Structure formats: C-alpha cells, structure tokens
Peer 1: 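Have a look at the structure that comes next, please.
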Amino acid sequence: MTTLLAVRDLRVVIDGLHILHGVDLDVAATGVTALLGRNGAGKTTTVKAVMGLVPRTGSLVFDGADIGRLPTHLVVRRGIGYAPEDRGIFAGLSVAENLRLAERDSAPAYDLVFELFPELKQRHKQAAGTLSGGQQQMVAIARTLLNGNRLIIADEPTKGLAPKIVTEVADVLARAAETVPVLLVEQNLALVRRVAGHCAVLADGRTAHQGDARELLADEDAARRLLGVGSHRPAPEVTS
C-alpha cells in the first residue's frame, strides 16, 4: 500500500484531559481508508487533529510534507478537504451559496459535483437548512470535491440517515474515491466492508489494529474483540 498520510504517535490533550495517547495511522493514496472504533475511541479527535482543529503533538506527514505544526487553513491549502460529523452547513444559505463559500480554486469542479449529486443542481436555490439529512450530507461532501483536494476526510457521513440514504451515500463515496482518496470515519460496518480497502481501529485513544478492512470484517472474532459488534450484515448496494 502506498501511503498518502502517515500519522505517528499522535497525542491530544484538551483541558488537561488526555484523549489520544499515541495514534498511528496510514491513509492509502488510493481508495477508501476506514477509521474504526467504538464510541469514544478517539476517531473524531484524530481527524480533527489532522486538520489542526485541536492541539496536537506527534508526526503528521502528508504527501511527503510535514503538516504537524500547520494551522487549519494551511492544512486545507495543502489539499485536505473535511466533511465534519455535524456536516457544518449554513442552514440559512442556499445550496449554491454553501458551495460558493467553499470555492478555493479558480475553476471549481462543479461538473464533477453535479455529476455525483444531480439533486443538488436541481435544488441549488433551496435553503440548505430545509434539505433532508441525506441531502445535507451531500452538500458537505460536495464542498470537499469542488477544489483540487488530494484527500477527503468524511466523519460519519451516514450517521442518523435512513437505510436507503445510506446506500446513496455509499455509492457517492465509492465514486468519489475513484477520483480522490478518502479517509472515512464510520460505524456502519456493512458500508465499510463495501467501500474500504485499508482500515485502522482505535481503542482508548490508541491504535489497536491496522490492515485490510475486508479481512478484519470477515473475521467475526476479531471484529467483535476490536469493535464490540458482529460484522456479518448485508452491505448496502453500491452501483457503478
């Protein structure tokens, strides 16, 4: 596996509380890398630390360059797009205005965005706050695709969504990963099995496992030990 983002001994302390105790993470240069773990394992804190949104120490090397001391806006300029867990859309602005605010390149990739999300083109004048949860997630992911990003971080993009919408988001992630690698934080193991190649599992703020995602999820005992749940459930169908 060729590594695009290499994280070593990542530690985060907030208000005296040690949240990450030395996370190691390799994000593949192609496809989807899944970041897994039980609730409270440190997954969201890890991706926030990569983005510079929380104080961190350790080594963060992205495409050969050290980004461990960069503030968030410079991490973004290096080419990392972030779709946060709460989606972070501006509810009072239209879909078009939400996308326009995310523009960074001189020629934003609206053709790609509207190919993946034709519904957003149809609803471009609609207030983002009136969209369904799945549609709002589409806006969050679409913003990361507008610019020439070299990595997309998607934090629990299917959280709270209906099964049908989960399938649609899985399809979008799979298609997006054909263009740009994705670091996916996700609890839906069926989705992970379908779209992810590599994975890392966190436990108590540390890396408990790294390896092939499908191999891990095919091993019921390992999945239960590392994730606390069985993994053999029907996977959402992803169209091509």
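Hydrogens, waters and symmetry mates play no part in the numbers below; they use all other heavy atoms, side chains included. Keep in mind that this is a model prediction, so the values were computed, not measured.
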Peer 1: Going only through I, L, V, M, F, W and Y residues with side-chain contacts under 4.5 Å, is there a path from Leu184 to Leu161?
Peer 2: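 Linked, Leu184 and Leu161 end up in one cluster.
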Peer 1: Is any side-chain heavy atom of Leu53 closer than 4.5 Å to a side-chain heavy atom of Tyr82?
Peer 2: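 Yes, side chains in contact.
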Peer 1: Whether the Gln187 and Asn39 side chains hold a donor-acceptor pair (N or O, under 3.5 Å, no angle test) is what I'd like checked.
Peer 2: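 Note: Gln187 and Asn39 side chains meet the donor-acceptor criterion.
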Peer 1: Just so I know, are the side chains of Thr207 and Leu202 near enough to count as touching, which here means a heavy-atom distance under 4.5 Å?
Peer 2: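 The answer is yes, as the side chains (C-beta and beyond) meet within the 4.5 Å cut-off.
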Peer 1: Would you check if the side chain of Gln136 reaches a backbone N or O of Leu131 as a donor-acceptor pair within less than 3.5 Å?
Peer 2: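 Yes: the side chain of Gln136 pairs with the backbone of Leu131.
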Peer 1: Taking Ile80 as the starting point, is it possible to reach Val23 by hopping between hydrophobic residues whose side chains are less than 4.5 Å apart?
Peer 2: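 Yes: a chain of side-chain contacts under 4.5 Å links Val23 to Ile80.
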Peer 1: Heavy atoms only: give me the nearest Glu186-Pro157 pair and the separation to one decimal.
Peer 2: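 Looks like OE1-CD, 3.4 Å.
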Peer 1: Verify side-chain contact (heavy atoms from CB on, under 4.5 Å) between His18 and Arg11, making sure each step is shown before the conclusion.
Peer 2: CA-CA 8 Å; His18 292 253; Arg11 298 174 183 268; over 6 Å; no
Peer 1: For Ser94, is there any backbone N or O sitting under 3.5 Å from a side-chain donor or acceptor partner on Glu97?
Peer 2: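 Flag set: sc Glu97 to bb Ser94 pair under 3.5 Å.
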Peer 1: Is it the case that the side chain of Thr72 and the backbone of Met51 share a donor-acceptor pair, with hydrogens and angles ignored and the cut-off at 3.5 Å?
Peer 2: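 Judged by distance alone, yes, a pair lies under 3.5 Å.
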Peer 1: Checking Leu217 against Leu227 for the side-chain contact (heavy atoms from CB on, under 4.5 Å) test, could you report, in this order, the C-alpha distance in whole Å, the side-chain angles of both residues, the deciding distance, and whether it holds?
Peer 2: CA-CA 10 Å; Leu217 297 180; Leu227 301 170; 4.1 Å; yes
Peer 1: Counting only N and O atoms by type, is there a donor-acceptor contact under 3.5 Å from the side chain of Asp105 to the main-chain atoms of Ala107?
Peer 2: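 Checked: no pair found.
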Peer 1: Hydrophobic clustering (ILVMFWY, side-chain heavy atoms < 4.5 Å, transitive) - are Leu74 and Val76 grouped together?
Peer 2: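 Same cluster.
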Peer 1: Say whether Thr44 and Asp155, considering side chains only, have a donor N or O and an acceptor N or O under 3.5 Å apart.
Peer 2: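 Side-chain D/A pair, Thr44 to Asp155: present.
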Peer 1: Hydrophobic cluster membership, with links at side-chain heavy-atom distances under 4.5 Å among I/L/V/M/F/W/Y: are Ile67 and Val182 in one?
Peer 2: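 No; tracing contacts between hydrophobic side chains, which count when under 4.5 Å, never links both residues.
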Peer 1: Is there a side-chain contact between Arg87 and Gln137 in this structure, where contact means two heavy atoms from C-beta onward sitting under 4.5 Å apart?
Peer 2: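 The answer is yes; the side chains approach within 4.5 Å.
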Peer 1: Would you call Ile141 and Leu173 a side-chain contact if the rule is heavy atoms closer than 4.5 Å?
Peer 2: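 Of all side-chain heavy-atom pairs linking Leu173 with Ile141, at least one is under 4.5 Å.
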Peer 1: Can you check whether Thr3 reaches Val27 side chain to side chain, under 4.5 Å on heavy atoms?
Peer 2: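 In short, these two side chains do not touch, never coming nearer than 4.5 Å.
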Peer 1: Tell me yes or no: between the side chains of Gln126 and Thr130, is some donor less than 3.5 Å from an acceptor?
Peer 2: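 There is such a pair (donor and acceptor under 3.5 Å, judged by atom type) between the side chains of Gln126 and Thr130.
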Peer 1: Taking the side chain from His209 and the backbone from Ala200, do they hold a donor-acceptor pair closer than 3.5 Å?
Peer 2: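 No, because the side chain of His209 does not come within donor-acceptor range (under 3.5 Å) of the backbone of Ala200.
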Peer 1: Test side-chain contact (heavy atoms from CB on, under 4.5 Å) on Thr33 and Leu35; report intermediate values, then the result.
Peer 2: CA-CA 7 Å; Thr33 298; Leu35 184 59; over 6 Å; no
Peer 1: With a 4.5 Å heavy-atom cut-off, do Leu25 and Gln210 have their side chains touching?
Peer 2: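 Answer yes - side chains close enough.
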Peer 1: Locate the shortest heavy-atom distance separating Leu99 from Ala142; write the atom from each residue and the value.
Peer 2: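 Minimum heavy-atom contact is CD2-CB, 3.9 Å.
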Peer 1: Minimum heavy-atom separation for Val195 to Ala174, with atom names?
Peer 2: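 Minimum heavy-atom contact is CG1-CB, 4.2 Å.
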Peer 1: Grab the two heavy atoms, one from Arg38 and one from Lys43, that are nearest each other, plus how far apart they are.
Peer 2: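 Heavy atoms of Arg38 and Lys43 come nearest at O-NZ, 3.1 Å.
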Peer 1: Would you name the heavy atoms of Cys199 and Leu216 that are closest together and state the gap between them?
Peer 2: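 Heavy atoms of Cys199 and Leu216 come nearest at SG-CD2, 3.8 Å.
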Peer 1: For the CZ atom of Arg194 and the CG atom of Asp171, what is their distance to the nearest 0.5 Å?
Peer 2: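 Separation between the atoms: 10.0 Å.
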Peer 1: Does Asp26 pair with Arg8 as a salt bridge, N-O distance under 4.0 Å?
Peer 2: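 A salt bridge links Asp26 with Arg8.
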Peer 1: Does a sphere of radius 6.0 Å around CG in Asp204 hold more than 12 heavy atoms from other residues, nucleotides or ligands, not counting ones at 6.0 Å or beyond?
Peer 2: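 Counting other residues, nucleotides and ligands, CG of Asp204 stays at 12 neighbours or fewer.
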Peer 1: May I ask you to decide if Asp221's main-chain N or O and Asp219's side chain share a donor-acceptor pair within less than 3.5 Å?
Peer 2: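 Confirmed, Asp219 side chain pairs with Asp221 backbone.
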Peer 1: Below 4.5 Å, heavy atoms only, C-beta onward: do Thr179 and Leu112 meet side chain to side chain?
Peer 2: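 The answer is yes; the side chains approach within 4.5 Å.
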Peer 1: Looking at every heavy atom in both Asp9 and Asp24, which two are closest together, and how far apart are they?
Peer 2: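 Minimum heavy-atom contact is N-OD1, 2.8 Å.
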Peer 1: Is there a side-chain contact between Gln135 and Phe117 (heavy atoms, below 4.5 Å)?
Peer 2: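 No, their side chains stay 4.5 Å or more apart.
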Peer 1: State whether a side-chain donor-acceptor pair under 3.5 Å links Tyr110 with Glu115.
Peer 2: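 Checked: Tyr110/Glu115 side chains show no N/O donor-acceptor pair below 3.5 Å.
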Peer 1: Are Asn149 and Arg104 close enough, and set up right, to give a side-chain contact (heavy atoms from CB on, under 4.5 Å), and what steps lead you there?
Peer 2: CA-CA 10 Å; Asn149 286 320; Arg104 190 175 72 245; 2.9 Å; yes
Peer 1: Are Ile153 and Val172 connected in a single hydrophobic cluster, I mean Ile/Leu/Val/Met/Phe/Trp/Tyr linked by side-chain heavy atoms less than 4.5 Å apart?
Peer 2: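 No, it is not one cluster - the side chains of Val172 and Ile153 are not joined through contacts under 4.5 Å.
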